[in-house]
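Please read the structure below before turning to the comments.
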Amino acid sequence: MPLREAEKSYNSHRIEEKVQKFWEDHKIYQKTNKMREDKPKYSFLDGPPYCSGRIHLGTAWNKILKDTYLRYKSMNGFSIRRQAGWDTHGLPIEHKVEGILGLKSKKEIENTIGIDNFVKKCKEFALENKKIMTQQFKSLGVWMDWDNPYVTFDTKYMESCWWTLKRAHEKDLLVKDLRVITWCPRCETALAMAEIDYENKEDPSIYVKFPLMDTENEYILVWTTTPWTLPANMAVTVHPDFEYVYVAVKGEVYLMAEALVDSLFAEDDYEIIRTLKGSQLEGLMYQHPLKDEIPEQKGFEHKIILGEHVTLTDGTGCVHTAPGHGPEDFEIGKKYGLDIFCPVDEAGMFKSEAGKYEGEFVKEADNDIINDLNSKNLLLKRETITHRYGFCWRCKTPIIYLATEQWFLKITEIKDKMLYELENISWVPYWSGDNRFRNWIENARDWTISRQRYWGIPIPIWICEDCKKIDVVGSIDELKQKTVKGTLKGDFIHRPHVDEIFLKCSCGGNMKRTPDVLDVWIDSGVAGWASLHYPQETELFEKWYPYEFITEGHDQTRGWFYSQLGCGMVSFDKSPYKKVLMHGFTLDEDGRKMSKSLGNVVEPEEVIDEHGVDILRFYLLWGNKPWDDLKFNWEEVKNVSKMFNILWNVYVFSTTYMSLDNFDPTRYNENQLKFRKEDRWITSRINSVGKIVSKSLEDLHFHKATRSINKFIIEDLSRWYVRLIRGRTWIEKEDPDKLGAYYTLYNVLKSLITLMAPITPHITEDMYKNLVLGVNKEAPESVHMLEWNVQEDLIHEDLEQDMDVLRDIIEACARARDLARYKLRWPVSEIVVVSEDHNILNSVESLKKIIIEQANTKNLVTSTEFQDLRINALPNMKTLGPKLRGNVPKVAKILESTDGDKIREELKLNGIYKVQIDDLTVELTEEDIVFETELPENVANADFNGGSVYVNTRITDEILSEAMSRELIRRIQDMRKDLDLDVEANIHVYIQCSDHFKDLIHDFKNFISHEVRAKTFDFAEEKADYTKKWKLEDEEILISIKKK
RNA sequence: GGGCCCGUGGCUCAGGCGGUAGAGCGCACGGCUGAUAACCGUGAGGUCCUGGGUUCGAAUCCCAGCGGGCCCA
């Protein structure tokens, strides 16, 4: 079966739809995997996207990076594991469901609809989104196992997760502790560091006077932006090494850091009474400023303590310390044995211990507290400040710090091992691991893993109600065996059912589950083995674990890269992954984050609708380095689109002529065909590109691969090779020279689609079906089943270099002709290429034929210098003027009439040139003469890198004949087009013109006929289908065409 | 305050083992017309963020700073 002529224009949508249907109907993905299942394994783990809505451009980029790399590895003969994953638990989905159901608090969830229904709704919601998102990913052409993904709410998955918790317990890494943590008062739960967003926020900024004990009118000056934490104040911290002063202002005395006095009192008359080192202040007692409002506070002693964390950047150098509301305060409080006073409940309301403020929401109490301080004359100054503050990542409520009991994973104890393990992971780019991730781990604290919520993996810890002993359950079987009260409904281990299971303690007491669920980052952190259901099943685990490769965005430094490493260390003392690509974010055109509130979100669908999937894919891998943030830019997408049009045009060009000639590449072998140097060149080029693409994809430098392909298609293939072979495609008959071009073009296209298949899987599949399957039914069913094939032995670097030189020269010829306003269609009699570099001249000689053809010249000469250049000698007025004065014009005249070359030779030989003016002999030195070169008439010149070209534009009769013939051809072609004739249709041509013109083109009649496919060519008047009058130079000509 | 990344023509970005600054888009001018809702050529346009240092030579390496982004405190 012959090749089919391609559709005239590139219709990405139709192709992509067709190809995706083909993959689906013929199970191409499954077959491709099956085909390679015995090959060496390459395991990959998909970072599970969160199922709370539709995908965005960044998610699309992420999957496209994965897909391209894995398709590449697959073609390179690896058996790939590429199971899709879904992250389904946690607050974001709970929030959306709360919104849908109109619920506003935990109380409403528990009492209005019940935990059971709530959890069911969450699951439904996640499933629905999973379905939508799966469809979206599929439409991007992403090949993953969508039918058997891992899902974090699957019972088996959760069971594996329990096992990891049990491992943590066995290693003594699980601990319940009272600590100050970040807390969302709306969601009433702990938040991990990864769940906090930082944004600007306006807050009060107040300076408060804490009365010193046993004195009158002496105060410690304290600064805070969270007045609501003052009720919990237990101490004031100063830096042991700073200088502190007692400063008298307007009859009162304040204790504060010396360095900050001016920032507060610059405009007042103040007097420094005494200066002390911070360390000397330790133990100094003061009274709580709100002791009357908060009776509970009267029971505590308040002192100055010392801490290194105090800074002088703002405030007073005396830091309000509330161990119940700040991690650092908590740590230092512990060191000094302070009480952890935390009069705030989980919803952010003051409890009864807060006295007067009981029942108020903390942020709303700010004003009352400030007013109370003011009325007691304990407020020095009140301002507002805008600063970075943490917000709950989902509900955007400002976070508070709260001392609560939570479960922790003791990362601080395995941190060193994690850092050690980091050495065994390779990172792209290197700094993402070496610097960024390392820094994150170094600063890691213990991981708060408990959440006081519903939709999540229940923490498998049971606590004895009597002796407080804990038991961590590592599997469902274990749970069933240990259950003494309650039954597991099926294997459903979500809340609330699992809460109804009680175990027996060794002391005889009842064990009840701790009511919390797990931080979702644990969910995804265990994906490596939970997706394989290890340790309950081991077969897949042994085959695929650990993973060769993962890739996610740079936000996952604190997220999945970290949670996986942590969980991996707990479970196996090893990292679950070996190689990481940390990719960037997609931003809008101005480099801002895409967000709904800014209205600058670009949906992947928009791009696909406008241009198509392959163009989106190519663009995303082309726009910049994968690890930099990508500023999405429609203009650039258009650029890519243009490239695809050019590729398609080349494809149309190729298939048009090949199908016309019934070209069947399987019928020939290379010995039967005639290849020219340009054929060997383009073959070399495609393999050079293949080499670069292989290396770049292997290194995950996607941009280098796409850029090299882009350049090849536009410059080498379309702009150059197709141009060079155009003449050959017009030869009719089984000419080995024409077939050599076809054969070369065919194989280049085949190699090209192989190289592009991982990046743009649809267009390449479509072309493959025609180009390869069209002529060979035995070939693999899909381009993606081909082996990656780069033939480095076909690369000829010398030839590629020669061609570069040659293109440069041909461009120079065009430039020279352009300057002389000499049309490219008109031949020239001679072109001289001049260079002092013999390598260049050799290159030209070896590819002479191409230049002759492309520069449209009758003859080509190479030389180290251009003989016909006239050199003129001119007097240098600067030196000769003062010397010769009135004689200068005479010298000039003599120089002008002498051959400049002779003067130059003379100068070279003797160092002087003698001129005779009347009786006077003037000796001219080198500096007295300026040489100027002059082109002979009818020569146009232009420079190229390494030399010059000289184009002889003199028009002879012969030249004119040919030029006129070509002009005529162009007109006839134009008319053919007007008639909308098929490319191969024959015509009859009749010309009416002057005798002179007739004579001019007489010898070219056959040539013209051939070019325009004329069966007959007569100088006669004839009733034709189409007649048109033309003006050629000064001639008026009537051309008539008759269809056959 | 700390860590990381980025800063190259009007725009989007390459280059980045030190050796004459590149591409595409846009703009201007010209050309081509059987790949043609294309295509090609030419030109203008750059303190390679700033300042130091190393060097014969720095966009590139080092230091300091400025601006932007991300992450953290």
Side-chain angles (χ1 to χ4, degrees), chain A residues 6 8-10 193-194 196-198 309 311-314 326-328 388 390 429 431-445 553-559 562 582 584-585 587 589-593 619 622-625 627-640 642-643 645-657 703-704 706-708 710-711 714-715 717-720 722-723 726 729-730 810-819 821-825 942 945 969-978 980-985 1011-1013:
Chain A
K8 282 292 172 206
S9 61
Y10 173 44
M193 283 196 282
I196 298 161
D197 281 340
Y198 288 83
H309 61 279
T311 67
L312 295 173
T313 45
D314 37 27
E328 277 170 335
R388 302 287 284 176
W431 47 259
S432 63
D434 260 9
N435 305 340
R436 203 180 159 112
F437 193 46
R438 174 179 302 280
N439 182 255
W440 171 262
I441 297 174
E442 279 169 352
N443 293 317
R445 298 188 182 181
H554 50 57
D555 55 331
Q556 299 301 333
T557 304
R558 66 171 175 173
Y562 176 70
M582 189 199 77
F585 269 29
L587 308 175
E589 283 186 350
D590 303 321
R592 292 172 307 176
K593 219 172 178 171
Y619 167 71
W622 171 82
N624 61 357
K625 300 170 190 122
W627 48 84
D628 283 344
D629 289 346
L630 175 74
K631 286 197 240 173
F632 181 84
N633 188 304
W634 281 105
E635 285 304 310
E636 298 300 310
V637 181
K638 251 189 224 163
N639 249 333
V640 172
K642 233 169 167 175
M643 182 203 92
N645 267 321
I646 292 174
L647 172 63
W648 194 261
N649 277 340
V650 171
Y651 175 54
V652 171
F653 169 84
S654 311
T655 52
T656 301
Y657 289 101
H703 63 297
K704 289 187 182 165
T706 46
R707 276 156 203 254
S708 138
N710 179 68
K711 187 165 176 264
I714 290 175
E715 289 184 24
L717 187 57
S718 167
R719 217 173 271 182
W720 199 237
V722 168
R723 173 172 157 192
R726 189 168 284 164
T729 61
W730 276 85
I810 289 173
E811 277 173 19
C813 294
R815 217 157 34 226
R817 297 172 78 121
D818 195 45
L819 284 171
R821 301 258 161 240
Y822 193 98
K823 285 184 187 176
L824 189 58
R825 200 182 300 124
N945 191 12
I969 289 167
R970 212 217 91 201
R971 266 64 171 191
I972 297 170
Q973 297 287 30
D974 215 50
M975 291 174 69
R976 284 184 62 115
K977 216 171 131 190
D978 285 346
D980 204 22
L981 290 174
D982 281 342
V983 177
E984 72 275 21
E1011 290 293 312
V1012 303
R1013 293 189 160 249

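Values below: every heavy atom of this structure, side chains too, minus hydrogens, waters and symmetry copies. Below, read A as the first sequence line, B as the second, and so on, with proteins coming before strands; counting in each chain starts at 1.
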* Asked: Which is true for A/Tyr657 with a 4.0 Å heavy-atom rule: it touches a base, it touches only sugar-phosphate, or it touches nothing?
  -> sugar-phosphate

* Separation between the P atoms of B/U8 and B/A59, rounded to whole Å -> 15 Å

* Asked: Would one find a side-chain N or O of A/Arg825 under 4.0 angstrom from OP1 or OP2 of B/C32?
  -> yes

* Asked: Hey, does A/Leu587 reach any base, or is it just sugar-phosphate, or nothing, if we go heavy atoms under 4.0 Å?
  -> nothing

* Structure fact -> Here the distance between atom C1' of B/C4 and atom CG of A/Asp555, to the nearest Å, is 14 Å

* Nearest-angstrom distance, P atom, B/C63 to B/C5 -> 12 Å

* Asked: If you take all heavy atoms of A/Ala6 and A/Thr655, which pair is closest and at what distance?
  -> N-OG1, 3.0 Å

* Asked: Mind checking who B/A64 pairs with, Watson-Crick or G-U wobble, both distances under 3.5 Å?
  -> B/U50

* **Value in whole Å for how far the P atom of B/A35 lies from CD1 of A/Ile714** => 18 Å

* P spacing across the pair B/U47 / B/G22, given as an integer number of angstrom -> 16 Å

* Examine distances only and state if a side-chain atom of A/Arg707 and a backbone atom of A/Gly623 form a donor-acceptor pair shorter than 3.5 Å. => yes

* Structure fact -> Quick note, A/Lys631 side chain, CB onward, closest among B/A35, B/C13, B/U42 is B/C13

* To do: Kindly point out which of B/C5, B/G34, B/C25 is positioned nearest to the side chain of A/Lys642?
  => B/C25

* To do: Give a yes or no answer on whether the side chain of A/Asn624 reaches the backbone of A/Asp629 with a donor-acceptor pair at less than 3.5 Å.
  => yes

* Closest listed nucleotide, where the reference is the side chain of A/Glu811 and the choices are B/C5, B/G41, B/U36 -> B/G41

* Counting only Watson-Crick or G-U wobble pairs whose two distances fall under 3.5 Å, which nucleotide matches B/C39? -> B/G31

* Asked: What's the closest nucleotide to the A/Arg707 side chain, out of B/C5, B/A14, B/A35?
  -> B/A14

* Using the C1' atoms only, state how far B/C17 lies from B/C11, rounded to an integer number of Å. => 31 Å

* Of all the heavy-atom pairs spanning A/Met582 and A/Trp431, show the shortest one and how long it is. => CE-CZ3, 3.7 Å

* Identify whether any heavy atom of A/Gly584 sits under 4.0 Å from a base atom; if not, whether one sits that close to sugar-phosphate; answer base, sugar-phosphate or nothing. => nothing

* Complementary nucleotide for B/G57 - Watson-Crick or wobble, under 3.5 Å -> none

* **Integer angstrom distance from the C1' of B/A14 to that of B/A21** => 11 Å

* For B/G7 and B/G19, measure between their C1' atoms and round to the nearest Å. => 24 Å

* In whole angstrom, give me the gap between the C1' atoms of B/A38 and B/U50. => 46 Å

* **Phosphate-side-chain proximity, A/Lys625 and B/A14, N/O vs OP1/OP2 below 4.0 Å** => yes

* **Identity of whatever pairs with B/C11 - Watson-Crick or G-U, under 3.5 angstrom** => B/G24

* Asked: If you check the A/Trp431 side chain, which of B/U42, B/C72, B/C5 turns out closest?
  -> B/C5

* **Any A/Arg719 side-chain nitrogen or oxygen under 4.0 Å from OP1 or OP2 of B/C40** => yes

* To do: Report the relative orientation of the aromatic rings in A/Tyr562 and A/Phe437; use parallel for angles under 30°, tilted for 30 to 60°, perpendicular for over 60°.
  => perpendicular

* Donor-acceptor contact present, side-chain A/Arg976 to main-chain A/Asp982, <3.5 Å -> yes

* Asked: Looking at B/A73, B/U36, B/C40, which one has an atom nearest to any side-chain atom of A/Arg445?
  -> B/A73

* Structure fact -> The nucleotide from B/U33, B/C4, B/G16 with an atom nearest the side chain of A/Arg436 is B/C4

* Structure fact -> Side-chain atoms of A/Asp974 come closest, of B/U33, B/C13, B/U42, to B/U33

* To do: Could you tell me whether a side-chain N or O of A/Tyr822 sits under 3.5 Å from a main-chain N or O of A/Ala816, the two making a donor and an acceptor?
  => no

* Separation of the P atoms in B/G68 and B/U42, to the nearest angstrom -> 40 Å

* Asked: Is there a donor-acceptor pair closer than 3.5 Å between any side-chain N or O of A/Glu1011 and the backbone N or O of A/Gln973?
  -> no

* Asked: Which part of the nucleic acid, if any, lies within contact of A/Arg970, taking any heavy atom under 4.0 Å across all strands shown: a base, the sugar-phosphate backbone alone, or nothing?
  -> sugar-phosphate

* Pick base, sugar-phosphate or nothing for A/Asp982, based on heavy-atom distances below 4.0 Å to the nucleic acid. => base

* Under 4.0 Å: is that the gap between some side-chain N or O of A/His703 and OP1 or OP2 of B/G15? -> yes

* Could you please name the option among B/C71, B/U12, B/U42 that lies closest to any side-chain atom of A/Glu636? => B/U12

* Asked: Whole Å only: how far is the CG atom of A/Asp978 from the C1' atom of B/U33?
  -> 11 Å

* Asked: Is there a donor on the side chain of A/Arg976 or the base of B/G34 sitting less than 3.5 Å from an acceptor on the other?
  -> yes

* Asked: Now, which nucleotide makes the Watson-Crick or G-U wobble pair with B/G16, with each of the two distances under 3.5 Å?
  -> none

* Asked: When we call it a touch if two heavy atoms are under 4.0 Å apart, what does A/Lys704 touch: a base, just sugar-phosphate, or nothing?
  -> sugar-phosphate

* **Under 3.5 Å on both distances, the Watson-Crick or G-U partner of B/G1** => B/C72

* Asked: Quick one: A/Phe632 CZ to B/C11 C1', roughly how many Å, whole number?
  -> 15 Å

* Look through every strand shown and name the nucleotide pairing with B/A44 as Watson-Crick or G-U wobble, where both distances are under 3.5 Å. => none

* Base, sugar-phosphate, or nothing: which does A/Ser718 touch, judged by heavy atoms less than 4.0 Å apart? -> base

* Asked: Where the side chain of A/Asn633 is defined as all heavy atoms beyond and including C-beta, which of B/A35, B/C11, B/G15 is the nearest nucleotide?
  -> B/C11

